[in-house]
Amino acid sequence: MRRKIKWIFTLIAILLFLFVGDKLPGEPLSSRAMVVGFGIDLEGDSSVKISAQILNAASASETSGQTTQVVTATSSTISGAMSRIGEKSGSTVALTHCNVVFLCQKLAKSRQFYSILNYLITNDYLSENAYLFAVDGKAEDFMTSATAFGGNLSLYIQKAVGMHGEYVDLPIKTLRDVLVSYHSLGQTNWIPVLKKEPLTPEQSESGQSPSDEQSVFTANSLYVLKKNVFLAEYGEAGARALNLAKNEVKKGVVESVGDHGEKIVCLITGKKAKFSYDLEKKTVDLALSINAIVKEIVDYSSDDAYVDRTQMTDEEVKRAQSQIADEVEAFFVDLRQKDADIFGVLDGFYSKYGKQTAALTIGDINLKVNVDLKVSKV
Amino acid sequence: MNYLTKTQLAVIVFFIPLVFKMANLPGLLYAECGADGYVALGLVTAVEFLQLFLVLFVVKMGGLGAIFERYGRVAYLLLSLPLYFVMGTKSVVFFSEVYFYVCDYLVYNVPALPIVTVSLLVVFYLATKGVKAVGRVFELSVWLLPLIVLFGLLFGKVNLSWQYLTPVLEDGGLRALAGVDKYLLYAFDFSPLLFFKIEEKKNVRVVLSAILCVGAVMFCYVLLVASYGRATFLISDAFAHLASFNVVISEIGSLDWPSALLWITTAVGNVSLKFSAMGEGFRYMKIRREVGLLLLTVLIGVLVLFVFSGYREILALVLSPVRYVVVGIEIVVPVVLLALLGNKNKQKKVVYAT
């Protein structure tokens, strides 16, 4: 009987694959449009233009880079636009290898920010670890730009993040981080902003003709949002203040002023940030422990000035500590005035004190930053 | 002889309480009781093992087969039919989670019919092969665990915020109890073992496995909450999200495949174990096992495809008062079996003494 069952089962399996097999996914890799970067532009009030940077697409409307094409489509929904991209490229659009998403400035600053992004966040085919960037302009323009050092924007950005993602002046945000921040008590989110710096052909190294404008990109500023409302844009100082308070960012550069006005540059080699909460005083203490090495001391005070030391004095270390603390506190205070909880301290209070914090608002809270900077010689 | 070895039992004991607590339950539980969920889940899993050891004790005394031999068919039917109701209900709920996972997460826009058909055929086949084959499937799939851990350590990207894990039991555990009450159907899942014979050896590995399971359930939930914070309630297919890259790449070479394979295999194995138990029972009901299992497969398929065809319908079933009946049966039947078998053994001893 067992043998019969085995044969019956095998027969059923063969019949199923013959007659129902076409309902199972069986597309070859070549029929998939592998998206490596995804851009969203807000068009008018109720439609989006999607730009998909596709590896080896069969056909494409526009080109950029050597191995990818940017295909665009407009629709009222992201999935609708993706279907059109699929039609245009003659393939099934696959987001499984997409690790970077670009939002146009208009969308990042609009109230549709989260509702449009929600599709990507809840889409299981796009990695939650995909990086999110707002671009200073239109996503399509950025994605079709030629990068000065080869490759396409999506891969260029991933490479840059891979190399410099742990540096304090480069804010990095993933789709999952957006989701977590959006649902936090303070509902405060931030997105790094990508800016384009065109290079003249003389500046570029590959000998392009003047018509082939190439660009480099910087991502040292950020937009801060509360729920769906854009609050403010911050430059490099904001990015640094934000990252100094984050434990996962461990490298970067700190600049300070010497006893005689010298410029001192230190390289951060390790960093720890610890928040502690006091509900009675409504105070958050941020203890920042930073290890650094002196990289450079430059004296611009006179033509013949030079610096022959590679160590900082105690006063200079204190000054650097105070400067870091001031920078972080100023960033917090500025956003507190906008009712934004940039460091997620409301969740920290709730974690420690529970329901006692029900009436607590970000406006009630003070931040004290204590910096312990340990500087060693090169 | 078709029986479970102690090694197979230890692996099954590890996976049975874990596998469906790591799918949709964490998100649902977080929505109900927030961070208290992982404490609640750990406690429930620990209590579940009381049921396991009761079941194992009854199995040692002969299980349901001994009831048939000593009390006859009517007693057997009276005790096994409620268990059929329990296993049938859980099969519908758990099997739905399997096909939701495949259709929503694993592959692109595939209709339910082929997935349900193919998966149920695997369940049917394993059930006809018997519990030893089901145990072997579990035994083989356990090797995927170190692979997942290794991939996670090498390539995983996590950003954990431990602050989301506290405060817990702030209101004395009322929220946690409410969560446990609501999703009670996911607990107490060891009654299928009553239908089988298990190798007689020491239970050290089983006890160790039970402890590991409680730890694993809590660990996975803690990781999930620390990763997703207050957004945990949005997360379905929790185990898949915890896996290395948090995305299934449907092309060859994805590092997420081990986790997908492990979950699918153990989930199908869990349902197969229930089918296999029901198949064992058919023998005593004068129903041919294969015929009974085929009818059962068709019935579950029809229920899943046409009656409880969507997430909302399944959730309604999980939240209905049926959950109290199911858990009640899971606890009461082994106790009754223990009493009956204990009583019969005592009577036998008296007879031998005189």
Side-chain angles (χ1 to χ4, degrees), chain A residues 1-2 4-6 8-10 12-13 16-17 19-25 27 29 32 34 92 94-99 118 121-130 174-185 187 246-248 275 277 344 347-356, chain B residues 34-35 101 104-115 117-118 121-122 124-125 128-130 156-171 226-237 240-241 244-252 254 256 288-290 293-294:
Chain A
M1 187 62 198
R2 288 279 165 90
K4 272 187 196 167
I5 286 288
K6 195 189 282 178
I8 290 169
F9 182 84
T10 312
I12 292 172
L16 270 172
F17 276 109
F19 297 108
V20 196
D22 62 331
K23 300 236 182 303
L24 292 168
E27 295 159 281
L29 278 177
R32 292 197 172 221
M34 306 302 292
T92 307
L95 292 176
T96 50
H97 287 78
C98 177
N99 285 317
N118 191 46
I121 290 172
T122 54
N123 185 329
D124 285 325
Y125 298 105
L126 177 62
S127 171
E128 294 166 354
N129 287 321
T174 63
L175 287 177
R176 181 174 43 185
D177 295 336
V178 172
L179 179 75
V180 173
S181 301
Y182 186 84
H183 289 279
S184 68
L185 283 177
Q187 298 178 314
K246 285 167 68 122
N247 248 326
E248 58 270 26
F275 286 91
Y277 304 90
D347 281 294
F349 271 105
Y350 180 77
S351 177
K352 188 172 178 187
Y353 296 100
K355 286 177 183 167
Q356 295 174 54
Chain B
Y101 173 77
D104 295 348
Y105 188 78
L106 209 56
V107 283
Y108 281 109
N109 312 321
V110 173
L113 181 66
I115 300 300
T117 313
V118 170
L121 269 175
V122 177
F124 168 73
Y125 180 69
T128 55
K129 294 296 281 179
K157 291 179 194 170
V158 282
N159 182 12
L160 303 173
S161 299
W162 302 113
Q163 66 183 10
Y164 291 116
L165 298 172
T166 51
V168 283
L169 307 180
E170 208 187 0
D171 52 1
S227 294
Y228 291 92
R230 292 173 183 276
T232 304
F233 75 97
L234 290 170
I235 306 305
S236 55
D237 305 316
H241 283 84
S244 54
F245 285 135
N246 299 309
V247 63
V248 167
I249 298 175
S250 39
E251 284 72 36
I252 296 165
S254 164
D256 278 343
R288 268 176 70 169
R289 205 163 74 109
E290 288 76 10
L293 279 172
L294 189 65

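Numbered from 1 within each chain, the chains take letters A, B, ... in sequence-line order. Remember, predicted model here, so these are calculated numbers, not experimental data.
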Enquirer: Non-hydrogen atoms of chain B under 4.5 Å away: do they reach the side chain of A:Phe349, the backbone, both or neither?
Expert: neither
Enquirer: So which residue, A:Tyr182, A:Tyr353, A:Tyr350, ends up with the most heavy-atom pairs under 4.5 Å with chain B?
Expert: A:Tyr350
Enquirer: Taking every heavy-atom pair that is under 4.5 Å apart, which of A:Asp177, A:Ile121, A:Val180 has the most such pairs with chain B?
Expert: A:Val180
Enquirer: Write down the atom of B:Pro167, the atom of A:Gly354, and the distance for their closest heavy-atom approach.
Expert: CG-CA, 3.6 Å
Enquirer: Measure distances from B:Leu234 to the heavy atoms of chain A and classify the residue's part below 4.5 Å as side chain, backbone, both or neither.
Expert: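 When you check distances to chain A, only side chain atoms of B:Leu234 fall under 4.5 Å.
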Enquirer: Return the CG to CZ distance between B:Asn159 and A:Arg176, rounded to the nearest 0.5 Å.
Expert: 7.0 Å
Enquirer: Treating B:Thr166 as the side-chain partner and A:Ser351 as the backbone partner, does any N or O pair qualify as donor plus acceptor under 3.5 Å?
Expert: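 Yes, because the side chain of B:Thr166 sits within donor-acceptor range (under 3.5 Å) of the backbone of A:Ser351.
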Enquirer: Holding to salt bridge (Lys or Arg N to Asp or Glu O under 4.0 Å), I want the full list of residues that pass it with A:Asp347, two or more places apart in sequence or in another chain.
Expert: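 For A:Asp347, the residues satisfying salt bridge (Lys or Arg N to Asp or Glu O under 4.0 Å) (neighbours in sequence not counted) are B:Arg230.
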Enquirer: Hey, could you give me the CG/OG distance between A:Asn247 and B:Ser161, rounded to the nearest 0.5 Å?
Expert: 10.0 Å
Enquirer: Would you say that A:Phe275 contacts B:Gln163 through its side chain, given a criterion of any heavy-atom pair below 4.5 Å between the two side chains?
Expert: no
